[in-house]
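As the structure lists them, so they are numbered: ligands from 1, and atoms in each ligand from 1. These numbers come from a predicted model, not from an experiment.
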Amino acid sequence: VWTYKPSIVDPIVELMELYESDARADKVNLGIGVYQDNDGKTPIFAAVKDAEAILFEKETTKTYVGVGGDAQFVKRLGRFLFGDAADRMLGIQSVGGTGALRLIGEFCARVAPESRVWVSKPTWANHPALFASCGMPCESYEYGKYSADRLLQNIIASLSGAKEGDFVVIHACCHNPTGIDLSEPQMAQLAEAINDKRLYPILDAAYLGFKNSIESDAAALASLMQRFDTAFCAFSASKNFALYRERVGAAYVKGGERAKLGEWRELLLSLARSNYSMPPDHGASIVRIILEDERLRKKWLGELAAASGRLRSVREEFAKCLTKAGCGFSTDYIRTGSGLFCLLPLSEQEVRQLRVDNGIYMMKSGRVNLAGLRDAEVERVAGAIAAVVRSRARTAIA
Ligand code: LMR
């Protein structure tokens, strides 16, 4: 007899399915974290198309590449992200950024079975489930939802419950779901606190390139990594190369001496082998080709910069329209935030009302994917949100 509890995959996936099944033409998708342009499309970068043409021309076999994936991809990407420091790190290709987190989580559970992992509250909906599946007890540290005030102090205070050897997940940039990041000096202070408590950081780098330029976001990641003797990084190419369905990512680990890294590499490879055997190649080859080719690299950087520039202007416009429509809360954190997301101070019931009455789909936590807002819709969406908040005030008075 099988025993199981039916459960939804996770709220992000649930919302994606709900949106797909809505027949309304004017529905608005502010759910899953996928970049969309001003036509509501998630385009393939021209640099990716060019790289695919090269791959199509040059590829001569589809035989296995290996458990650790394409070594040149891992090396090129490692150099791009961490510069010379990459030579003292180990890296293996993974099945997207989630696959990298999963490998790291299983690795941590094996080498430190007594340890726990700390994630921010709130965090990406899949973090707790992912680490729990690895057998790691998950704890959370406080994270501001609508303001960066006292963010660092609150994080450090709530990490006081962590014990030596625990792991801490830090969003490298573009915090999911709040869009609120620590400044670089604050990150340095957090690193110091983590080191003082002898905790190990797991840097989740899923949105590099959506805060500032990808070079500058990667430089911030590299300088953070430098502050630790032992650290993990899960990189995702889903958003910054717009390669979502190709599942491209990599896990990097920095650690003591070379011999240790060799052993750790063996363990990661054995975990990969027993999970999925070998990662897919197509997307990783595309990334490698782009990083190897000066012309394609420039083209990709330009396209990525345009996508993240659009997000910045949507932030400005959305914040402005919400205020103009009388939303009644400060929208500064939306304007100054980074990446795809922000949280709105709405109840689950209000989020539901916006979906049912207006066809506006956002996570029940109030998380909005700003890329889902087309210029022509910002005012209408902001107006609907403000109306919901105003009707709350009226209900309270009545
Ligand atoms: C999100 O948070 O919506 C993205 O990271 C996509 C996903 O897989 O959940």
Side-chain angles (χ1 to χ4, degrees), residues 7-20 27-37 40-42 94-105 119-134 138 140 143 145 169-181 202-211 214 217 221 233-251 276 279-280 283 304 307-308 311 314-315 334 337-344 351 355 360-373:
S7 62
I8 53 156
V9 184
D10 92 11
I12 299 176
V13 178
E14 185 193 28
L15 189 72
M16 182 170 108
E17 289 168 0
L18 216 53
Y19 175 82
E20 291 306 328
K27 61 186 178 175
V28 181
N29 185 7
L30 309 180
I32 190 158
V34 166
Y35 176 78
Q36 295 163 56
D37 63 16
K41 303 250 162 43
T42 302
S94 61
V95 184
T98 309
L101 283 171
R102 176 76 195 213
L103 285 175
I104 292 168
V119 297
S120 63
K121 187 179 167 199
T123 191
W124 179 42
N126 201 19
H127 272 155
L130 184 149
F131 289 109
S133 312
C134 299
C138 213
S140 53
Y143 205 90
K145 285 185 176 175
V169 177
I170 301 172
H171 301 225
C173 66
C174 309
H175 183 267
N176 181 1
T178 67
I180 300 172
D181 289 336
I202 299 172
L203 309 184
D204 187 350
Y207 293 92
L208 293 187
F210 286 94
K211 185 178 180 70
I214 190 160
D217 293 353
L221 170 72
C233 176
F235 170 81
S236 168
S238 295
K239 281 88 184 177
N240 40 36
F241 283 86
L243 280 169
Y244 308 89
R245 65 174 65 169
E246 301 295 353
R247 311 309 298 135
V248 193
Y276 51 82
L304 175 56
S308 95
L311 278 174
V314 172
R315 279 186 178 277
I334 298 177
S338 62
L340 270 64
F341 308 118
C342 69
L343 277 177
L344 295 178
V351 167
R355 192 177 74 232
I360 298 171
Y361 283 72
M362 66 180 78
M363 301 290 303
K364 55 178 180 241
S365 61
R367 189 190 80 168
V368 160
N369 171 15
L370 293 145
L373 285 169

Distance under 4.0 Å to a non-hydrogen atom of [X]: what atoms of ligand 1 satisfy this?
{"X": "I12", "answer": "1 (C), 2 (O), 3 (O), 9 (O)"}
{"X": "R367", "answer": "1 (C), 2 (O), 3 (O)"}
{"X": "K239", "answer": "4 (C), 5 (O), 6 (C)"}

task: Report yes or no: is the cationic atom of K27 (NZ for Lys, CZ for Arg) closer than 6.0 Å to the six-membered ring centre of Y361, at no more than 45° off its axis?
output: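 Ring-cation test returns no.
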query: Is Y244 in contact with ligand 1, taking contact as a heavy-atom separation below 4.0 Å?
result: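 False for this residue.
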For [atom], grab the closest protein heavy atom and report residue, atom and distance to one decimal in Å.
{"atom": "atom 3 (O) of ligand 1", "result": "G33 N, 2.7 Å"}
{"atom": "atom 6 (C) of ligand 1", "result": "I32 CG1, 3.7 Å"}
{"atom": "atom 8 (O) of ligand 1", "result": "W124 CZ2, 3.9 Å"}

Could you tell me the separation between the [atom1] atom of [X] and the [atom2] atom of [Y], rounded to the nearest 0.5 Å?
{"X": "L370", "Y": "Q36", "atom1": "CG", "atom2": "CD", "answer": "11.0 Å"}
{"X": "R367", "Y": "I32", "atom1": "CZ", "atom2": "CD1", "answer": "8.0 Å"}
{"X": "T42", "Y": "D37", "atom1": "OG1", "atom2": "CG", "answer": "7.5 Å"}
{"X": "L208", "Y": "C173", "atom1": "CG", "atom2": "SG", "answer": "5.0 Å"}

Residue part near ligand 1, for N176, under 4.0 Å between non-hydrogen atoms: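 Looking at N176 and ligand 1, just side chain atoms fall under 4.0 Å.
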task: Kindly assign one of parallel, tilted or perpendicular to the pair F341 and Y207, based on the angle between their ring planes and the thresholds 30° and 60°.
output: perpendicular
